[in-house]
> 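Right, I'll just put the structure down here and ask away after.
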Amino acid sequence: MTNPDGGSSKLWGGRFSGETNEIVERFNASIDFDRRLYHEDIAGSIAHAHMLAAQGIISAEDSNAIVAGLEAIRAEIEAGTFAFRLDREDIHLNIEAALIERVGDAGRRLHTGRSRNDQVATDTRLFTRAACDEAIAALRDLRGVLIELAEREAATVIPGYTHLQRAQPILLAHHLLAYEAMLTRDSQRFVQARARVNVLPLGSGALAGVTYPIDRAAVARELGFDAISENSLDAVSDRDFVVDFHSAAALAMVHLSRLAEEIILWCTAEFGFARLDDAFSTGSSIMPQKKNPDVAELLRGKSARAIGNLVQALTLLKGQPLAYNKDNQEDKESLFDSVDTLLVSLRVAAAMLPTMTFDGPRGAEAAVANFALATDIADYLAKKGVPFRDAHEAVGALVARCEREGRTFADLTLDEYRAAHPAFDADVLQIDLAASLAARDVPGGTAPNAVARARDAARTRLAAERAL
Ligand code: ARG
């Protein structure tokens, strides 16, 4: 786009008498990253052109030429033959300028009743909506993996922890289903984020609406939006939906990070409950014996990006006066990064988990070591009518005695139990791992029956979500 008068060659250059400073051109441009929005940009422009023609604002011939031109440009971009130009600043101007080169005056009419401000807001919403859909699907896949693993490992026991101190025996399946519960809430958050993102800003113009008899509802229908925005100032400047995405992504990544941390712990010699498949671990360049949980560590580490991106998006918005400001161009790279980070993390976790193996005997042994049945023994006394606080004290004294003497509950005789509290009977000797687990047969508890029911309920819920 050369200008014979020696002024600016930009699509917006009419009032400019010279070219943009070179470093400014590079600083201002977003084409290196917002080219990723080409699909959304073209879809939005096609819907806009259809509407302009339907409303008699441009002719049907012009609309047809625009649509054909945009489709050809989309094909070029997808074939990798489209020449993106830095001097054309961003994806919107790159496509519009290329359209004008292709179809001439018709292309010069596309931007009627539209601004890049409502255009970029529309593109970014379309992108974020698709990202929500992908996140929901990937979360569901991972939830399915956790449910299947809970079924496969239905008999595996590990110690449950509080304060990272062994607390009470639990089923590994119960532990896995705790993550399934977190990821279910994550799925819900993306469903809710998707509902808020799915509102059309186009038709807001630069900030105040447009002067043409446009049909916003028709554009919304064509692009699959549920509603149109209600305030043009808000519509062009609002990036709450980006924050919504980051927020849901950051929390989902925090959940993955917690799971990753447990996997890392479980695979240590110190815990020894789990083993990673070779395909999901790495070696050391110096220590021949090492098998490192890099994948889990990266899952944990990548949560930092998602959290950082959330803070970046919030900070980006906080000082902006209405309406659109160029600051908002800075919303994209972090959004893309969070989308990519979340999706790859969910997928790698889903691939890794089924390949893990668990050391059942080791888990069961650890589950009852360190007096982990103490609560069960106190509950035993309480069920015989002893006030729970007294039962707690009596069993605490037994623990202290065993520790002093280097013994465990299993070594105690009935007389020794009775010396701690007279309400103990011979059946106290039957309290073991299986009894401890089976006793917690309440909704949400770790009894094998309760966990099987929870697992089936999770599976049913997931199937129902998928059928929607
Ligand atoms: N590249 C810009 C962005 O990402 C597009 C909107 C520019 N609008 C403007 N009035 N300069 O926000």
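Atoms within a ligand are numbered from 1 in the order they appear, just like the ligands themselves.
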> Taking ring-ring contact (aromatic ring centres under 6.0 Å, His included) as the definition, give me every residue that meets it alongside Phe84, ordered by chain and number, with sequence neighbours left out.
Phe82
> How about Gln329 and Asn28: does a side-chain donor come under 3.5 Å of a side-chain acceptor?
no
> Tell me, which residues have any heavy atom less than 4.0 Å from some atom of ligand 1?
Ser30, Asp34, Asp90, His92, Arg116, Asn117, Val120, Tyr324, Gln329, Lys332
> Does Tyr212 have any ring-ring contact (aromatic ring centres under 6.0 Å, His included) partners at least two apart in sequence or in another chain, and if so, which?
none
> Is there a donor-acceptor pair closer than 3.5 Å between any side-chain N or O of Asp118 and the backbone N or O of Val236?
no
> Checking Thr184 against Arg143: is there a side-chain donor and acceptor pair closer than 3.5 Å?
yes
> Taking salt bridge (charged side-chain N to carboxylate O under 4.0 Å, His left out) as the test, write out the residues that go with Arg196, two or more places apart.
Asp244
